[in-house]
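Below, chains carry the letters A, B, ... as their sequence lines are ordered, and counting in each starts from 1.
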Number of protein chains: 4
Amino acid sequence: MKGLVYRGPRQVAVEEVDDATIEEPLDAVIRITTTNICGSDLHMYEGRTSVEEGKVLGHENMGIVEAVGPAVGRIRVGDRVSVPFNIACGTCRNCTSGWTSFCLRTNPTEGMDGAAYGYANMGPYDGGQAEFLRVPYADFNLLSLPPGDQFEQDFAMLSDIFPTGYHGTELAEVSPGDSVAVFGAGPVGLMAAHSAFLRGASEVFVVDKESDRLDLAKQIDALPIDLSAGNPVEQIMDQTHGRGVDCGVEAVGYQAHDATGEEHPELVLDNLVEVVRSTGAIGVVGVYMPNDPGAANEQAKQGRIGWEYGTFFSKGQRMGTGQAPVKRYNRQLRDLIIDGRARPSFIVSHELSLDEAPAGYANFDARLDGWTKVLLHPGQ
Amino acid sequence: MKGLVYRGPRQVAVEEVDDATIEEPLDAVIRITTTNICGSDLHMYEGRTSVEEGKVLGHENMGIVEAVGPAVGRIRVGDRVSVPFNIACGTCRNCTSGWTSFCLRTNPTEGMDGAAYGYANMGPYDGGQAEFLRVPYADFNLLSLPPGDQFEQDFAMLSDIFPTGYHGTELAEVSPGDSVAVFGAGPVGLMAAHSAFLRGASEVFVVDKESDRLDLAKQIDALPIDLSAGNPVEQIMDQTHGRGVDCGVEAVGYQAHDATGEEHPELVLDNLVEVVRSTGAIGVVGVYMPNDPGAANEQAKQGRIGWEYGTFFSKGQRMGTGQAPVKRYNRQLRDLIIDGRARPSFIVSHELSLDEAPAGYANFDARLDGWTKVLLHPGQ
Amino acid sequence: MKGLVYRGPRQVAVEEVDDATIEEPLDAVIRITTTNICGSDLHMYEGRTSVEEGKVLGHENMGIVEAVGPAVGRIRVGDRVSVPFNIACGTCRNCTSGWTSFCLRTNPTEGMDGAAYGYANMGPYDGGQAEFLRVPYADFNLLSLPPGDQFEQDFAMLSDIFPTGYHGTELAEVSPGDSVAVFGAGPVGLMAAHSAFLRGASEVFVVDKESDRLDLAKQIDALPIDLSAGNPVEQIMDQTHGRGVDCGVEAVGYQAHDATGEEHPELVLDNLVEVVRSTGAIGVVGVYMPNDPGAANEQAKQGRIGWEYGTFFSKGQRMGTGQAPVKRYNRQLRDLIIDGRARPSFIVSHELSLDEAPAGYANFDARLDGWTKVLLHPGQ
Amino acid sequence: MKGLVYRGPRQVAVEEVDDATIEEPLDAVIRITTTNICGSDLHMYEGRTSVEEGKVLGHENMGIVEAVGPAVGRIRVGDRVSVPFNIACGTCRNCTSGWTSFCLRTNPTEGMDGAAYGYANMGPYDGGQAEFLRVPYADFNLLSLPPGDQFEQDFAMLSDIFPTGYHGTELAEVSPGDSVAVFGAGPVGLMAAHSAFLRGASEVFVVDKESDRLDLAKQIDALPIDLSAGNPVEQIMDQTHGRGVDCGVEAVGYQAHDATGEEHPELVLDNLVEVVRSTGAIGVVGVYMPNDPGAANEQAKQGRIGWEYGTFFSKGQRMGTGQAPVKRYNRQLRDLIIDGRARPSFIVSHELSLDEAPAGYANFDARLDGWTKVLLHPGQ
């Protein structure tokens, strides 16, 4: 079968790779109808990870069940399914507590809880930017979708970024009537803003410096805050009569840049501490790394970020972090799509064939204007 | 009346001060039967705060209601009461949400939510290390106690450290069956350990290097971890078969010292991130400051602590912080004392008259062996 | 001043009554700009309660602060405010736990926790269908509104029915993505449906037999279920592929009627047990009475309702009940109105002067077509 | 192999039955070391259910893994395990939400969610009062225990009654400092009382009329209430200064008897509504049936119970019901046993061989004095 393979920094290629097959009795094989390029794929693409050459990339997958192992009973061949990016066993302590993003059994990497498809350090699993994908523990992991091709773009957001954005609002404890500040208007930040409204937020600020992204925020009634036009904390304070917001979401990660483009890993955390009211909660779904050899200073190389912790304590704030347990949210988000209450596809900018994927990576990595979210359709 | 007054670094004196009186219709005046010296009083005593000279200290107070203002209706003269250290209005958004430690109305200090008695930056209120104390919003703030003098030592813990330790376990989400690591075996840490067991913890580790404190931990069935005998994280990992603990409590604060006595503000946070399992929660009730002019480096002076944030994220941990809203817990803790299920007085080491208070401060500050908790009885 | 006074079954009159005045230091007096007739006022109007003749009715009130007592500090003369129907002291155990609807101090009636304005058994308080209203514990009870007259109709829903409908969805544990069945399309039921969507429900069924009310349900995207057209449980089962709904809300009360108009107090509870899925929750805000002398059978006279309890248990369902603690929700709902996300005024059908109130009562009680919600403006 | 087989009302026999074998790839076979007779087994024994003749009884099982199917990966042959009475698939919506007691896939009985071993209406599964037991979905369902035979009696409580009693306290929302009333001092009621203390209850009343059971309640510091000595509600009201309790647990079920021995299915529910304070919660784990052909009146035959619902509403109480999802609690309760904080075996009165089981049933059913809990050891 054909798959998109990592070949070194800024080198990906569509190649003939080993077929995805049933290896364990609980496996399924999925024919991929849609698979997305994720912002986090660019970390690997840019060569800032230890991902092995030859690995098939792609953790945002959906498609049709092509085959199932002999112990699979709930899922059937022909089912249309969304594949959560987390690979979870369904029987360990973390999985049975709802933390599929920290499965204790599926990732053999020392010291890492949680596995994923086609990703550095997340276990020996190939990704879904390919014709087919092997899915372990299929009965537990797969989410059923209505047959046909309706809502394909919306459902494509269910494997990662929609639940990830939603998880940010869950960790930030967004409740009806709350005001929310989301830092980062990339796909995850926009999904967080969309989720905040679904949870009943009264107003949502979205902070970024790219006008195409801020326009998308506006499109869903969020209030865009252009950080290139001035300190975002002051802008939000002004618009909230000096009170700040009830909840904050971090959707940027350790490669945060200031308005001039300089990297400041502590910048967004500082802004959140300042802009969130006392006793408020902050949800962090932007990625921070335990170690980052490419970082600017010694502290950051060890994954240490010297942010305004004393103020965080003085304000009695709370913070939740980490990769989203997709399965905790995807059924509900699917139902909101079906009933017409959620439309996460508003961020989709490009749909390509698998053969066009290498060009897609290059353009997305170059952050060409308007390239907000790229979908691949290997089956076409 | 007589009160213990701050007169400059390491100088406190018992002096004649203005009588506590009813100033507002919702005030009460309390005759103090017991008032404690708190570890946090030593910050002021040592001159590391901006507290004004002439201020009466003391925020851990209990006694008998001597007088009430004309609008007081629930509390009556003669009632025996515990006075939460937080001064709360009872009607602002934070108070009515249960966050009396972040009252929006009682502290006129710019940028500070929450007030307290006899404390730096917490508003213009004198403390209770005196014969009498003025209590604002008495109906809301005061907790009724059974008449008489039974449980006086136990009830004396209700104004601050017992609820504060309990708040640490609440922020750490301690549930029945959990394993817990408490860093710091001072009064708050010991109260956190006691609280963890009240909430059903199966095992509680308490980390410190002072043997008298570790002995107290042992006395309540906690597992003492002597950090002077080796890395506490490794010791706990060994005793948990490499799994670490479910919950962590920080009861040390920004003046954390390593085994050699050197100050490392990030040390305890690092230890907690390492020893708490993925998806676990950490409660921080040890104090961190928005700025600390006396700190060792530039970053710490701004209240920035460069701890292992990348690992915190990778493990999907959560963290809650801040001063305890005493009122949320003190009624329940009182009832546990009355029914013989809680005995927080196990930490009390000394009981002094008000006149002996200056000597008590000096000995407690010198951390003389066995000086774990000092109670003053102004009325004797 | 003028007030609408109860004079016996189906007799109300606008009369000169004693002026509302400051009686206690924490009181405020409100000049009423809008006060609504509530469905529950009709219980008194119809003579099915023990309410005293001469009482001024009206518990859904808003207006401008005319005067405050000497201990009032947060609220100021001239403030525009919403008055929750619960009269709460703000300092008892229930109030400080957020249960202002069960205040332990404001209702002297034996065995009743919780007080209200102008209502049978809810304490000696006159109502607000008058020029002025006395409000006890004003700092605690009153909700500030933006000055002016914007959103007057929407804000008028904040004193009772919008929070009451919302409380139904809270007790029913409505979360994003859930399907919900609301029984009763009166004002409270419609507010519950509106609230369910604000909390992220994916689909909401509303059951009634009056077409004007079902049309209003449709107007907010709810799915109307006409019980006069067939068994509502079967209709909902059909529309949910036999699965039933996740959450149920009871907004009818003990005077439930079947399609033929016969009274069956157990009918709606039975329907809810059948239509809610196993493990689902039911919120009951329709009123049931501890005793009801006018009931059809001996059991119902004692407040006993023989509903399908065995099935309730077998399905592992949960149920929450009781009057809404308005203060727990009204700030957030106010903000949703201000930000344009909530529009509870869609149910308002009539606006009358105080002098027109007796006619309003008569028409509303006769359930004339289109008389869904009546607002009075005493100040006009 | 040998198994205890139901042969008709009050007839059980130890017979040679078909061996338990691996039938599905996710099955395990357990060699039973301990299996208990449950009070609910007596419903079948007495002939009040539709259980088929020939069925092997027994749903409280533990033992050693003898064999595993080819898709089992977490559990290994030789593991010592506790078998939750619920048979759960681990992948349906209810299982993945933590409601294994309402599994949507394992029980083919029309309209019933949730399956169990050796039980009427709970699916075609034989029980564990036998030498061996077949366990479906073994990786998901089985709880690992430390090897050896330590704590065998305590661990034997983990398959049903300890988690069931605990579930009662969870549904009743028991929190630290609460007062609790448990109705019923049978094994489940005593486990609820034990659990209430583990969760930090300050005082626990246990209501029954059998002195041997009340003595056991006393043994764990609960306050025994002998209903044969007077109205239990009045007794508890007297002991709580008229305030009642914060939480109530129902551990009796539909066959409640008054002090004279007459059956009153509504009696315990009425008592709970009266004795629990306004806004309090009630957890119901005593069994109520959707229909009960043997009931005294027409209403009860349809599973309708006419209890004081109007008072329930007026007090704003909440109620949760249903079979316990054992897996949600058994790991934590196991750890409390291992760490010496829980000792559920205090209720065990008899240990018998499998051959003695028929006599055990007869004596337990006759409720001979001191026959509180019977354990069988098929392996001896």
Side-chain angles (χ1 to χ4, degrees), chain A residues 98 143-144 146-147 151 154 158 162-163 165-170 173-180 191-205 220-223 239-241 243 245-247 277 326-344, chain C residues 98 143-144 146-147 151 154 158 162-163 165-170 173-180 191-205 220-223 239-241 243 245-247 277 326-344:
Chain A
L143 176 73
S144 298
F151 302 123
D154 291 301
L158 288 173
F162 195 12
Y166 190 91
H167 189 52
T169 63
E170 172 80 13
E173 304 175 17
V174 176
S175 302
D178 281 344
S179 58
V180 183
M191 289 297 101
H194 192 30
S195 298
F197 282 127
L198 289 171
R199 294 168 71 103
S202 64
E203 61 180 1
V204 179
F205 299 94
I220 56 164
D221 279 347
L223 301 162
Q239 294 191 38
T240 57
H241 313 283
R243 283 192 297 259
V245 292
D246 300 314
C247 313
R277 64 196 304 282
V326 168
K327 196 176 168 57
R328 203 190 292 169
Y329 313 118
N330 62 359
R331 178 182 54 75
Q332 298 91 315
L333 296 176
R334 174 200 67 192
D335 290 348
L336 286 163
I337 290 169
I338 292 171
D339 286 314
R341 307 221 146 246
R343 277 289 165 271
Chain C
L143 175 74
S144 297
F151 302 122
D154 292 300
L158 288 174
F162 195 12
Y166 190 91
H167 189 52
T169 63
E170 173 79 13
E173 305 174 17
V174 176
S175 302
D178 280 346
S179 59
V180 183
M191 289 296 102
H194 192 30
S195 298
F197 282 128
L198 289 171
R199 294 167 71 102
S202 64
E203 61 181 0
V204 179
F205 299 92
I220 55 164
D221 278 348
L223 301 162
Q239 294 191 37
T240 56
H241 313 283
R243 282 191 297 257
V245 292
D246 301 314
C247 313
R277 64 197 304 282
V326 169
K327 195 177 168 57
R328 203 191 290 169
Y329 313 119
N330 63 358
R331 178 182 54 74
Q332 297 90 316
L333 296 176
R334 173 199 68 191
D335 291 347
L336 286 163
I337 291 170
I338 293 172
D339 287 313
R341 309 221 143 247
R343 277 289 165 270

Choice from C:D335, C:L333, C:L336 maximising heavy atom contacts with chain A below 4.5 Å: C:L336

Chain C contact via [X] - which portion, at a heavy-atom distance below 4.5 Å:
X	value
A:A201	backbone
A:R199	both
A:D178	neither

Option that, when pairs with chain C are counted at under 4.5 Å, heavy atom only, ranks first among A:S179, A:S175, A:G200: A:G200

Top contributor to chain C contacts, counting heavy-atom pairs under 4.5 Å, from A:S202, A:A342, A:G177, A:G340: A:S202

Taking side chain as everything from C-beta outward and backbone as N, CA, C, O, which of these in [X] sits under 4.5 Å from a heavy atom of chain A? Side chain, backbone, both or neither.
X	result
C:Y166	side chain
C:D221	both
C:L198	backbone

Where C:I220 and A:R341 come nearest, the two heavy atoms and their spacing: O-NH2, 4.5 Å

